A.B. asks: 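This structure is in structure tokens; I'll ask about it shortly.
Just so it is clear, the values below take in all heavy atoms, side chains as well, and ignore hydrogens, waters and symmetry mates. Naming convention: chains lettered A, B, ... in sequence-line order (proteins, then strands); numbering from 1 in each chain. Everything quoted here is computed from the prediction, not taken from an experiment.
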Protein chains: 2
Amino acid sequence: MTPPDTHIDAETALDHAPAGHKDELRLWLRMLSCARLIEAEIRRRLRAGFDTTLPRFDFLAQLERAPDGLTPGEISRRMMVTGGNVTGLAARLEEEGLIERRVVREDRRAVTLRLTPQGRREFARQSAAHEQWVAELLKGLSTTDRTSLLRLLDRTRRSVRSAISEGEA
Amino acid sequence: MTPPDTHIDAETALDHAPAGHKDELRLWLRMLSCARLIEAEIRRRLRAGFDTTLPRFDFLAQLERAPDGLTPGEISRRMMVTGGNVTGLAARLEEEGLIERRVVREDRRAVTLRLTPQGRREFARQSAAHEQWVAELLKGLSTTDRTSLLRLLDRTRRSVRSAISEGEA
DNA sequence: CCATAATGCTTGAAGCCTAAAATGTTTTCG
DNA sequence: CGAAAACATTTTAGGCTTCAAGCATTATGG
């Protein structure tokens, strides 16, 4: 089956709160549907245009920014995914010749992963297209809108982080 | 391995644009990191508190809103996932006794899925907690912030939708 | 009528993701 | 020194997700 094309609005679809803190829920559901919409479109285009996936793309992006390579653990932290996940992704990307692994002299537990020249070329193509796509999808927002949104999302993130760390304490 | 707790900011981590439409990219990366942060926390709590997952929760939420039940195809459209996905989720939820399937008299291809009494009880518990969690995570935002954010996200969604439908045309 | 298309759902293969256990290595400290 | 703790990575088992192919049923049009 292909992804459904008769979209019922995801916010409406997911809405299921009877009463109470309804405003916050509404906000969260809207943010979620918005992010999922963009993310799904980018995944679609990555697949159609480059036969790749978002996790692979993000993985390469990490390595692009680190010319000396990164350890799996470091990538795991930066991508906010588990270590086992990185192992699998790295295996496939290595298989495809986009990254290479190198043993670390001073710590035999660790390895570093880095882009191959082919991986670097490939990522450059993907990255350029990706940037275009995002610009295209968000072109309906004014400069003011973008600035406000950026600031509000920052506040949101801070709110969430502080709520999480309070809970842990 | 447990999820990484030393978070490097996801926006910083994913940022990889050299130049050009950098503003839009920055905005998208921030929205993504924000949504993922919240979503990850909710998944964590659903697992810890109810030993369930977000897809399961969303699935039950759909059925809660439809007392007469829904067909897999309808759920697939509402959840914006593929049909095969629904089949698997439904199988597990039925196995757990939270939903039941019923053949449709007038169309023998179709089935309807509906909550069992147990499923309804269970979802009620989960839903109440979920609403609390979201309120807690977003409590750092003022009423004004929430209103603005809601409006800006709506504009964003419209921008994305129109960009997507233009591309299809 | 009946062949064909469309529809509703399931299956299978492959990738993504997590939690937990296992393996090998380095560090700590008594 | 040597045992125990900490660390880096991989493995394993299981759930989530997609795409593509397949099966059964219903609708359509010559």
A.B. asks: Mind calculating the distance between CZ (A/Arg108) and C1' (C/dT27) to the nearest angstrom?
C.D. replies: 15 Å

A.B. asks: Kindly say whether A/Leu137 contributes a backbone atom to a donor-acceptor pair with the side chain of B/Ser159 at under 3.5 angstrom?
C.D. replies: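 Flag set: sc B/Ser159 to bb A/Leu137 pair under 3.5 Å.
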
A.B. asks: Describe the nucleic acid contact of A/Val111 in one word from base, sugar-phosphate, nothing, applying a heavy-atom distance below 4.0 Å.
C.D. replies: sugar-phosphate

A.B. asks: Which heavy atom of A/Arg114 sits nearest to which heavy atom of A/Asp68, and what is that distance?
C.D. replies: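 For A/Arg114 versus A/Asp68, the nearest heavy atoms are NH2-O, 3.1 Å.
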
A.B. asks: Rounded to whole Å, please give me the gap between CG in B/Asn85 and P in D/dC19.
C.D. replies: 11 Å

A.B. asks: Hey, would you say the B/Phe50 and B/Phe57 ring centroids sit under 6.0 Å apart?
C.D. replies: no

A.B. asks: I want to check one thing: is the phosphate of C/dC16, taken as OP1 and OP2, less than 4.0 Å away from some side-chain N or O of A/Arg56?
C.D. replies: yes

A.B. asks: Grab the CZ-P distance between B/Arg44 and D/dG15 for me, whole Å please.
C.D. replies: 21 Å

A.B. asks: Just to verify, which of B/Glu95, B/Glu122, B/Glu94, B/Glu96 counts as forming a salt bridge (charged side-chain N to carboxylate O under 4.0 Å, His left out) with B/Arg56?
C.D. replies: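 For B/Arg56, the salt bridge (charged side-chain N to carboxylate O under 4.0 Å, His left out) check succeeds only for B/Glu96.
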
A.B. asks: Using only modelled atom types and a 3.5 angstrom limit, is any donor from either the side chain of A/Arg109 or the base of D/dT9 paired with an acceptor on the other?
C.D. replies: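 It does not, because no donor-acceptor pair links the side chain of A/Arg109 to the base of D/dT9 below 3.5 Å.
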
A.B. asks: Taking the nucleotide of DNA chain C with the closest heavy atom to each, which residue, A/Arg105 or A/Leu89, is nearer the 5' end?
C.D. replies: A/Leu89

A.B. asks: In this structure, how many angstroms lie between the C1' atom of D/dT26 and the CG atom of B/Asp107, rounded?
C.D. replies: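 Rounded to the whole Å, the gap is 7 Å.
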
A.B. asks: Would you kindly give the CD-to-C1' distance between B/Glu95 and D/dG14, to the nearest whole Å?
C.D. replies: 14 Å

A.B. asks: Of B/Arg47 and B/Thr87, whose nearest nucleotide on DNA chain C comes first from the 5' end?
C.D. replies: B/Thr87

A.B. asks: From CD1 of B/Ile75 over to P of D/dT17, roughly how many Å is that when rounded to an integer?
C.D. replies: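 Value for this atom pair: 14 Å.
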
A.B. asks: Tell me which of B/Gly88 and A/Thr112 sits closer to the 5' end of DNA chain D, going by the nucleotide each one is nearest to.
C.D. replies: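 It is A/Thr112, whose closest nucleotide lies nearer the 5' terminus.
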
